[in-house]
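For ligands, and for the atoms within them, numbers begin at 1 and follow the listed sequence. Computed from a predicted structure; not experimentally measured.
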Amino acid sequence: MTKRTAPTIVDAAISEDGAVVTTTWSDGASSRFHSEWLRDGCTDESSRHANGQRVFNLFEGRESVTVLAATPAAGGGLRVVFSPSEHESIFDARWLRSNQYDRMPHLPPGWSSPELRCWTAADTIATHQYEAVSGDDTARARWLDDQRVRGVTLLRGCPTRENSVIEIAELFGFVRETNYGRLFDVKSVADPINLAYTADGLKPHTDNPYRDPVPGLQLLHCIEAAGSGGESQVVDGLGAALRLKEVDAHAFDTLARWPLRFEFRSADAVLQTEAPMIELSADGEITGIRFNDRSSQVPRLPFDVVSDFYAGYRKFSELLYGGEFAIEFKLEPGDLFMVNNRRVLHGRKGYKLESGTRHLQGCYADLDTMHSTLALLKQKTGSSPA
Ligand code: NM2
Ligand code: OGA
Ligand code: ZN
(Lines give C-alpha, C1' and ligand atoms only; values in the text may rest on other atoms or scores of the structure.)
(Ligands and ions follow the chains in the order given, each with its own letter.)
Protein backbone atom coordinates (compact mmCIF):
# COMPACT_ATOMS: atom_id res chain seq x y z
CA MET A 1 0.00 0.00 0.00
CA THR A 2 1.37 3.43 -0.87
CA LYS A 3 1.22 5.82 2.01
CA ARG A 4 -0.54 9.02 1.01
CA THR A 5 0.58 12.23 2.65
CA ALA A 6 -2.22 13.85 4.58
CA PRO A 7 -3.55 17.06 2.98
CA THR A 8 -2.45 20.35 4.53
CA ILE A 9 -3.96 23.82 4.40
CA VAL A 10 -2.34 26.08 1.83
CA ASP A 11 -4.68 29.08 1.90
CA ALA A 12 -7.52 30.55 3.92
CA ALA A 13 -10.03 33.33 3.22
CA ILE A 14 -12.56 35.02 5.50
CA SER A 15 -16.02 36.11 4.39
CA GLU A 16 -16.78 39.84 4.64
CA ASP A 17 -18.80 39.47 7.83
CA GLY A 18 -16.18 37.20 9.45
CA ALA A 19 -18.69 34.39 9.86
CA VAL A 20 -17.11 31.84 7.49
CA VAL A 21 -13.53 30.72 6.77
CA THR A 22 -12.84 28.97 3.46
CA THR A 23 -9.72 26.83 3.45
CA THR A 24 -7.89 25.51 0.42
CA TRP A 25 -6.14 22.16 0.83
CA SER A 26 -2.94 20.88 -0.76
CA ASP A 27 -4.93 18.31 -2.75
CA GLY A 28 -7.08 21.05 -4.30
CA ALA A 29 -10.16 20.48 -2.13
CA SER A 30 -11.75 23.34 -0.24
CA SER A 31 -13.90 23.41 2.88
CA ARG A 32 -15.88 26.12 4.60
CA PHE A 33 -16.08 26.46 8.39
CA HIS A 34 -18.36 28.69 10.44
CA SER A 35 -16.70 30.92 13.04
CA GLU A 36 -18.97 29.52 15.80
CA TRP A 37 -17.95 25.98 14.84
CA LEU A 38 -14.25 26.87 14.87
CA ARG A 39 -14.54 28.50 18.32
CA ASP A 40 -16.34 25.38 19.51
CA GLY A 41 -13.46 23.24 18.19
CA CYS A 42 -10.59 25.14 19.89
CA THR A 43 -8.25 22.79 21.75
CA ASP A 44 -5.69 25.28 23.09
CA GLU A 45 -5.08 25.18 26.83
CA SER A 46 -7.43 28.03 27.72
CA SER A 47 -10.21 26.18 25.87
CA ARG A 48 -9.69 22.56 26.87
CA HIS A 49 -8.17 20.84 29.88
CA ALA A 50 -5.27 18.48 29.15
CA ASN A 51 -7.78 15.63 29.51
CA GLY A 52 -9.71 16.94 26.49
CA GLN A 53 -12.73 18.35 28.33
CA ARG A 54 -13.94 21.88 27.59
CA VAL A 55 -13.18 24.57 30.19
CA PHE A 56 -14.93 27.64 28.72
CA ASN A 57 -18.54 28.59 28.18
CA LEU A 58 -19.16 28.69 24.47
CA PHE A 59 -21.92 31.32 24.64
CA GLU A 60 -20.91 33.48 27.59
CA GLY A 61 -20.68 37.25 27.45
CA ARG A 62 -21.10 37.93 23.75
CA GLU A 63 -23.68 38.10 21.01
CA SER A 64 -21.70 36.33 18.32
CA VAL A 65 -18.23 35.24 17.42
CA THR A 66 -16.48 36.12 14.17
CA VAL A 67 -13.06 35.56 12.71
CA LEU A 68 -10.54 38.43 12.47
CA ALA A 69 -7.69 36.49 10.88
CA ALA A 70 -7.21 33.03 9.37
CA THR A 71 -3.90 31.90 7.89
CA PRO A 72 -2.12 28.61 7.19
CA ALA A 73 -0.05 27.63 10.24
CA ALA A 74 3.32 25.94 10.40
CA GLY A 75 2.82 22.20 9.92
CA GLY A 76 -0.09 22.65 7.54
CA GLY A 77 -2.82 23.55 10.03
CA LEU A 78 -4.89 26.71 10.41
CA ARG A 79 -4.28 29.70 12.69
CA VAL A 80 -7.42 31.61 13.64
CA VAL A 81 -7.92 34.83 15.62
CA PHE A 82 -11.47 35.35 16.86
CA SER A 83 -13.41 38.54 17.54
CA PRO A 84 -14.32 40.13 19.91
CA SER A 85 -12.10 38.11 22.29
CA GLU A 86 -8.94 38.17 20.14
CA HIS A 87 -8.58 34.59 21.23
CA GLU A 88 -6.05 32.77 19.05
CA SER A 89 -6.06 29.08 18.27
CA ILE A 90 -4.19 26.71 15.97
CA PHE A 91 -6.15 23.89 14.33
CA ASP A 92 -4.47 20.66 13.34
CA ALA A 93 -4.84 19.85 9.62
CA ARG A 94 -5.78 16.20 10.17
CA TRP A 95 -8.38 17.15 12.74
CA LEU A 96 -9.92 19.80 10.49
CA ARG A 97 -9.95 17.46 7.52
CA SER A 98 -11.59 14.57 9.31
CA ASN A 99 -14.18 16.83 10.94
CA GLN A 100 -14.90 19.02 7.95
CA TYR A 101 -18.62 19.14 7.21
CA ASP A 102 -18.63 21.05 3.93
CA ARG A 103 -19.22 17.80 2.08
CA MET A 104 -17.09 17.09 -0.94
CA PRO A 105 -19.19 15.47 -3.65
CA HIS A 106 -16.80 12.55 -4.23
CA LEU A 107 -17.28 11.09 -0.73
CA PRO A 108 -18.82 7.64 -1.19
CA PRO A 109 -21.88 6.90 0.89
CA GLY A 110 -21.35 4.80 3.97
CA TRP A 111 -21.90 4.35 7.62
CA SER A 112 -21.10 7.94 8.51
CA SER A 113 -17.64 7.02 7.32
CA PRO A 114 -16.12 6.99 3.85
CA GLU A 115 -13.89 4.05 4.77
CA LEU A 116 -16.44 1.27 5.03
CA ARG A 117 -16.24 -1.40 2.37
CA CYS A 118 -19.28 -3.16 1.02
CA TRP A 119 -18.94 -6.71 -0.26
CA THR A 120 -20.84 -9.19 -2.40
CA ALA A 121 -21.03 -12.92 -3.09
CA ALA A 122 -17.78 -12.65 -5.09
CA ASP A 123 -15.80 -11.78 -1.94
CA THR A 124 -14.53 -13.95 0.89
CA ILE A 125 -14.72 -13.24 4.60
CA ALA A 126 -11.65 -11.63 6.12
CA THR A 127 -10.07 -14.44 8.15
CA HIS A 128 -7.75 -14.10 11.17
CA GLN A 129 -6.05 -16.56 13.50
CA TYR A 130 -6.95 -16.77 17.17
CA GLU A 131 -3.37 -17.34 18.22
CA ALA A 132 -2.18 -14.17 16.49
CA VAL A 133 -4.98 -11.85 17.63
CA SER A 134 -4.85 -13.04 21.22
CA GLY A 135 -1.07 -12.64 21.51
CA ASP A 136 -0.12 -9.69 19.36
CA ASP A 137 -1.43 -6.10 19.35
CA THR A 138 -0.80 -5.49 15.67
CA ALA A 139 -2.65 -8.66 14.65
CA ARG A 140 -5.49 -7.77 17.01
CA ALA A 141 -5.75 -4.27 15.51
CA ARG A 142 -5.89 -5.77 11.99
CA TRP A 143 -8.68 -8.11 13.01
CA LEU A 144 -10.73 -5.33 14.61
CA ASP A 145 -10.11 -2.98 11.69
CA ASP A 146 -11.43 -5.59 9.23
CA GLN A 147 -14.40 -6.03 11.53
CA ARG A 148 -15.05 -2.29 11.55
CA VAL A 149 -14.68 -1.81 7.81
CA ARG A 150 -16.40 -4.97 6.50
CA GLY A 151 -18.78 -5.74 9.36
CA VAL A 152 -17.83 -9.43 9.51
CA THR A 153 -14.70 -11.46 10.29
CA LEU A 154 -13.89 -15.10 10.78
CA LEU A 155 -11.48 -16.19 13.50
CA ARG A 156 -9.92 -19.63 13.10
CA GLY A 157 -8.05 -21.83 15.52
CA CYS A 158 -9.98 -20.78 18.63
CA PRO A 159 -10.09 -23.17 21.58
CA THR A 160 -13.05 -25.55 21.41
CA ARG A 161 -13.60 -25.25 25.16
CA GLU A 162 -17.02 -24.09 26.29
CA ASN A 163 -17.17 -20.42 27.38
CA SER A 164 -14.26 -19.41 25.11
CA VAL A 165 -16.61 -17.03 23.30
CA ILE A 166 -16.58 -14.81 26.40
CA GLU A 167 -12.80 -14.72 26.53
CA ILE A 168 -12.74 -13.80 22.85
CA ALA A 169 -15.23 -10.94 23.37
CA GLU A 170 -13.00 -9.77 26.20
CA LEU A 171 -10.09 -9.43 23.78
CA PHE A 172 -11.74 -6.12 22.75
CA GLY A 173 -14.66 -5.36 25.03
CA PHE A 174 -17.36 -6.44 27.42
CA VAL A 175 -20.11 -8.98 27.01
CA ARG A 176 -23.57 -7.48 26.67
CA GLU A 177 -25.77 -9.65 28.83
CA THR A 178 -29.39 -10.22 27.78
CA ASN A 179 -32.33 -12.41 28.74
CA TYR A 180 -30.52 -15.18 26.80
CA GLY A 181 -27.69 -14.99 29.34
CA ARG A 182 -24.10 -13.77 29.23
CA LEU A 183 -23.62 -16.45 26.62
CA PHE A 184 -26.13 -18.72 24.93
CA ASP A 185 -25.91 -22.26 23.62
CA VAL A 186 -27.14 -22.56 20.06
CA LYS A 187 -28.20 -26.15 19.74
CA SER A 188 -31.37 -28.08 19.16
CA VAL A 189 -33.40 -28.51 22.36
CA ALA A 190 -36.89 -29.73 23.30
CA ASP A 191 -39.40 -26.84 23.69
CA PRO A 192 -37.15 -24.14 22.20
CA ILE A 193 -37.98 -20.57 23.28
CA ASN A 194 -36.37 -19.35 20.05
CA LEU A 195 -36.19 -21.02 16.62
CA ALA A 196 -32.40 -20.60 16.81
CA TYR A 197 -32.55 -23.51 19.27
CA THR A 198 -33.83 -25.98 16.66
CA ALA A 199 -32.20 -27.73 13.68
CA ASP A 200 -34.25 -25.63 11.24
CA GLY A 201 -32.71 -23.26 8.75
CA LEU A 202 -32.73 -19.58 9.71
CA LYS A 203 -33.11 -16.98 6.96
CA PRO A 204 -30.53 -14.20 7.10
CA HIS A 205 -31.48 -11.83 9.91
CA THR A 206 -30.14 -9.35 12.39
CA ASP A 207 -30.46 -10.47 15.99
CA ASN A 208 -32.66 -8.90 18.60
CA PRO A 209 -34.39 -6.20 16.50
CA TYR A 210 -36.94 -6.13 19.33
CA ARG A 211 -34.34 -4.58 21.66
CA ASP A 212 -33.49 -0.91 21.99
CA PRO A 213 -30.63 -0.44 21.48
CA VAL A 214 -29.89 -3.63 19.52
CA PRO A 215 -26.60 -5.31 20.42
CA GLY A 216 -23.96 -3.96 18.03
CA LEU A 217 -21.94 -7.16 17.74
CA GLN A 218 -22.71 -10.85 17.80
CA LEU A 219 -20.08 -13.58 18.18
CA LEU A 220 -20.85 -17.19 17.28
CA HIS A 221 -18.30 -19.84 18.21
CA CYS A 222 -18.42 -23.40 16.87
CA ILE A 223 -17.72 -26.12 19.41
CA GLU A 224 -19.20 -28.98 17.39
CA ALA A 225 -20.18 -28.81 13.72
CA ALA A 226 -23.16 -30.48 12.06
CA GLY A 227 -22.17 -33.52 10.03
CA SER A 228 -24.45 -32.52 7.21
CA GLY A 229 -26.02 -29.08 6.69
CA GLY A 230 -25.89 -26.15 9.09
CA GLU A 231 -23.84 -23.94 6.71
CA SER A 232 -23.69 -20.27 7.70
CA GLN A 233 -24.51 -17.27 5.54
CA VAL A 234 -23.74 -13.61 6.01
CA VAL A 235 -25.33 -10.80 3.99
CA ASP A 236 -24.09 -7.24 3.66
CA GLY A 237 -27.18 -5.29 4.66
CA LEU A 238 -25.38 -2.02 3.93
CA GLY A 239 -24.66 -3.07 0.35
CA ALA A 240 -28.26 -4.21 -0.12
CA ALA A 241 -29.69 -0.99 1.33
CA LEU A 242 -27.44 1.15 -0.89
CA ARG A 243 -28.61 -0.87 -3.89
CA LEU A 244 -32.24 -0.35 -2.89
CA LYS A 245 -31.60 3.39 -2.72
CA GLU A 246 -30.11 3.28 -6.21
CA VAL A 247 -32.81 1.21 -7.88
CA ASP A 248 -35.88 2.40 -5.99
CA ALA A 249 -35.42 5.61 -4.03
CA HIS A 250 -39.07 5.70 -3.01
CA ALA A 251 -38.89 2.19 -1.51
CA PHE A 252 -35.72 3.19 0.35
CA ASP A 253 -37.30 6.41 1.69
CA THR A 254 -40.44 4.54 2.76
CA LEU A 255 -38.48 1.93 4.76
CA ALA A 256 -36.26 4.60 6.30
CA ARG A 257 -39.21 6.74 7.30
CA TRP A 258 -41.88 4.30 8.53
CA PRO A 259 -41.26 1.83 11.36
CA LEU A 260 -41.97 -1.86 11.64
CA ARG A 261 -42.81 -3.53 14.94
CA PHE A 262 -40.64 -6.27 16.39
CA GLU A 263 -41.42 -8.50 19.33
CA PHE A 264 -40.05 -11.40 21.34
CA ARG A 265 -41.93 -13.14 24.14
CA SER A 266 -40.95 -15.96 26.45
CA ALA A 267 -41.67 -16.90 30.07
CA ASP A 268 -39.18 -14.25 31.24
CA ALA A 269 -39.23 -11.55 28.57
CA VAL A 270 -41.64 -9.30 26.69
CA LEU A 271 -39.49 -7.27 24.35
CA GLN A 272 -41.16 -4.86 21.94
CA THR A 273 -39.68 -2.19 19.75
CA GLU A 274 -40.90 -0.16 16.83
CA ALA A 275 -38.16 1.01 14.47
CA PRO A 276 -37.54 1.45 10.76
CA MET A 277 -35.81 -1.41 8.91
CA ILE A 278 -33.31 1.13 7.57
CA GLU A 279 -32.02 3.71 10.04
CA LEU A 280 -30.48 6.95 8.82
CA SER A 281 -28.36 9.67 10.33
CA ALA A 282 -29.66 13.24 10.16
CA ASP A 283 -27.90 13.73 6.81
CA GLY A 284 -29.26 10.55 5.27
CA GLU A 285 -26.36 8.13 5.78
CA ILE A 286 -27.38 4.55 6.58
CA THR A 287 -26.61 3.80 10.23
CA GLY A 288 -28.49 0.59 10.86
CA ILE A 289 -30.50 -2.30 9.45
CA ARG A 290 -33.09 -4.33 11.33
CA PHE A 291 -34.38 -7.40 9.54
CA ASN A 292 -35.68 -10.58 11.14
CA ASP A 293 -38.54 -12.62 9.72
CA ARG A 294 -39.12 -14.48 13.00
CA SER A 295 -39.63 -11.42 15.14
CA SER A 296 -41.24 -8.86 12.87
CA GLN A 297 -44.91 -8.12 13.50
CA VAL A 298 -47.51 -6.40 11.36
CA PRO A 299 -46.79 -2.68 11.07
CA ARG A 300 -49.17 -0.10 12.47
CA LEU A 301 -49.08 2.61 9.83
CA PRO A 302 -51.39 5.16 8.20
CA PHE A 303 -53.73 3.46 5.72
CA ASP A 304 -52.27 5.30 2.73
CA VAL A 305 -48.72 4.19 3.50
CA VAL A 306 -49.29 0.44 3.86
CA SER A 307 -49.22 -0.65 0.22
CA ASP A 308 -46.01 1.36 -0.48
CA PHE A 309 -44.54 -0.04 2.71
CA TYR A 310 -45.10 -3.65 1.60
CA ALA A 311 -43.78 -2.91 -1.89
CA GLY A 312 -40.55 -1.57 -0.36
CA TYR A 313 -40.38 -4.41 2.18
CA ARG A 314 -40.70 -6.97 -0.63
CA LYS A 315 -37.92 -5.31 -2.68
CA PHE A 316 -35.57 -5.09 0.29
CA SER A 317 -36.29 -8.71 1.20
CA GLU A 318 -35.54 -9.80 -2.40
CA LEU A 319 -32.18 -8.00 -2.26
CA LEU A 320 -31.29 -9.44 1.15
CA TYR A 321 -32.36 -12.99 0.35
CA GLY A 322 -31.39 -12.97 -3.33
CA GLY A 323 -27.80 -14.08 -2.80
CA GLU A 324 -25.98 -11.18 -4.50
CA PHE A 325 -24.81 -9.79 -1.16
CA ALA A 326 -24.38 -13.16 0.57
CA ILE A 327 -21.34 -15.26 1.42
CA GLU A 328 -21.78 -18.86 2.55
CA PHE A 329 -19.30 -20.87 4.61
CA LYS A 330 -19.32 -23.79 7.00
CA LEU A 331 -18.07 -23.40 10.56
CA GLU A 332 -15.61 -26.00 11.83
CA PRO A 333 -14.93 -26.60 15.53
CA GLY A 334 -12.67 -23.76 16.70
CA ASP A 335 -14.09 -21.23 14.20
CA LEU A 336 -15.79 -18.08 15.40
CA PHE A 337 -17.49 -15.43 13.33
CA MET A 338 -18.41 -11.98 14.44
CA VAL A 339 -20.94 -9.68 12.78
CA ASN A 340 -21.78 -6.02 13.11
CA ASN A 341 -25.39 -6.74 14.01
CA ARG A 342 -26.53 -3.31 12.80
CA ARG A 343 -25.20 -3.93 9.31
CA VAL A 344 -24.61 -7.60 8.48
CA LEU A 345 -27.31 -10.27 8.53
CA HIS A 346 -26.48 -13.87 9.39
CA GLY A 347 -28.36 -17.11 8.85
CA ARG A 348 -27.88 -20.85 8.66
CA LYS A 349 -29.11 -23.78 6.63
CA GLY A 350 -31.08 -26.49 8.38
CA TYR A 351 -29.23 -29.60 9.49
CA LYS A 352 -30.04 -33.20 10.29
CA LEU A 353 -30.03 -34.01 13.97
CA GLU A 354 -28.78 -37.55 13.32
CA SER A 355 -25.64 -36.15 11.69
CA GLY A 356 -23.88 -35.04 14.90
CA THR A 357 -24.57 -32.71 17.80
CA ARG A 358 -24.10 -29.26 16.32
CA HIS A 359 -23.18 -26.88 19.11
CA LEU A 360 -22.39 -23.18 18.88
CA GLN A 361 -22.02 -20.71 21.72
CA GLY A 362 -22.79 -17.05 21.19
CA CYS A 363 -22.69 -13.73 22.96
CA TYR A 364 -23.28 -10.06 22.24
CA ALA A 365 -21.01 -7.06 22.70
CA ASP A 366 -21.08 -3.33 21.96
CA LEU A 367 -19.59 -1.59 18.94
CA ASP A 368 -18.40 1.52 20.75
CA THR A 369 -16.08 -0.44 23.03
CA MET A 370 -14.66 -2.38 20.08
CA HIS A 371 -13.95 0.92 18.31
CA SER A 372 -12.34 2.23 21.48
CA THR A 373 -10.04 -0.79 21.76
CA LEU A 374 -9.15 -0.48 18.09
CA ALA A 375 -8.27 3.21 18.50
CA LEU A 376 -6.06 2.43 21.52
CA LEU A 377 -4.32 -0.42 19.70
CA LYS A 378 -3.66 1.83 16.71
CA GLN A 379 -2.12 4.45 18.98
CA LYS A 380 0.01 1.84 20.69
CA THR A 381 1.22 0.06 17.56
CA GLY A 382 1.51 3.20 15.44
CA SER A 383 -0.60 1.67 12.67
CA SER A 384 -2.47 4.12 10.48
CA PRO A 385 -6.22 3.98 9.98
CA ALA A 386 -7.56 1.67 7.23
N1 NM2 B 1 -30.57 -16.15 20.27
C2 NM2 B 1 -29.64 -17.04 19.60
O3 NM2 B 1 -32.62 -12.31 17.78
C4 NM2 B 1 -33.06 -13.44 17.79
O5 NM2 B 1 -34.18 -13.70 18.25
C6 NM2 B 1 -32.22 -14.51 17.21
C7 NM2 B 1 -31.07 -15.09 19.39
C8 NM2 B 1 -31.65 -16.93 20.81
C9 NM2 B 1 -29.86 -15.50 21.36
C10 NM2 B 1 -31.79 -15.57 18.15
C1 OGA C 1 -28.31 -17.17 16.26
C2 OGA C 1 -28.21 -17.69 14.89
C3 OGA C 1 -27.05 -19.23 13.49
C4 OGA C 1 -26.51 -20.63 13.52
O5 OGA C 1 -28.01 -17.93 17.18
O6 OGA C 1 -28.69 -16.00 16.43
O7 OGA C 1 -28.63 -17.04 14.00
O8 OGA C 1 -25.63 -20.89 12.69
N9 OGA C 1 -27.56 -18.84 14.74
O10 OGA C 1 -26.95 -21.44 14.31
ZN1 ZN D 1 -29.14 -14.99 14.82
For ligand 2, which atoms have a heavy atom of [X] less than 4.0 angstrom away?
| X | answer |
| --- | --- |
| H205 | 6 (O), 7 (O) |
| Q218 | 1 (C), 6 (O) |
| H346 | 1 (C), 2 (C), 6 (O), 7 (O) |
| D207 | 6 (O) |
| L360 | 4 (C), 8 (O), 10 (O) |
| L202 | 2 (C), 7 (O), 9 (N) |

- [ ] Before giving the answer on ring-ring contact (aromatic ring centres under 6.0 Å, His included), spell out for Y197 and F184 the whole-Å C-alpha distance, their side-chain angles and the decisive distance to 0.1 Å.
- [x] CA-CA 10 Å; Y197 303 154; F184 39 85; 7.1 Å; no
Open item on the list: Tell me how many protein N, O or S atoms are within a distance shorter than 2.8 Å of the Zn ion (ligand 3).
Closed with: 3
Open item on the list: Suppose we measure from atom 5 (O) of ligand 2 to each protein heavy atom; which comes out shortest, and what is that distance?
Closed with: V186 CG2, 3.5 Å
Task: Closest protein heavy atom to atom 8 (O) of ligand 2, given as residue, atom name and distance to 0.1 Å - done: R358 NH2, 2.8 Å
Give one line per pair: atom of ligand 1, protein atom, distance. Only N/O to N/O under 3.5 Å.
| unit_1 | atom_1 | unit_2 | atom_2 | d |
| --- | --- | --- | --- | --- |
| ligand 1 | 3 (O) | N208 | N | 2.6 |
| ligand 1 | 3 (O) | N208 | ND2 | 2.7 |
| ligand 1 | 3 (O) | Y210 | OH | 3.2 |
| ligand 1 | 5 (O) | N194 | ND2 | 3.0 |
| ligand 1 | 5 (O) | Y210 | OH | 2.7 |

Looking at [Y] and [X], is there a salt bridge between them, counting it only when a charged N and a carboxylate O are closer than 4.0 Å?
| X | Y | value |
| --- | --- | --- |
| D145 | R148 | yes |
| K203 | D293 | no |
| K349 | E328 | yes |
| R211 | E177 | no |
| D253 | R257 | no |
| R161 | E167 | yes |
| R294 | D207 | no |
| K330 | E332 | no |
| D40 | R54 | yes |

Side chains of [Y] and [X]: any donor to acceptor distance under 3.5 Å?
| X | Y | value |
| --- | --- | --- |
| Q218 | H346 | yes |
| T120 | E324 | no |
| T369 | D366 | no |

- [ ] Take W37 and Y101 through the ring-ring contact (aromatic ring centres under 6.0 Å, His included) test and state the conclusion after the steps.
- [x] CA-CA 10 Å; W37 186 96; Y101 51 92; 5.0 Å; yes
Task: Nitrogen or oxygen atoms of R294 and ligand 2 under 3.5 Å apart - done: no
Open item on the list: Just to be sure I read this right, does ligand 2 sit under 4.0 Å from the backbone of L331, its side chain, both, or neither, counting only heavy atoms?
Closed with: neither
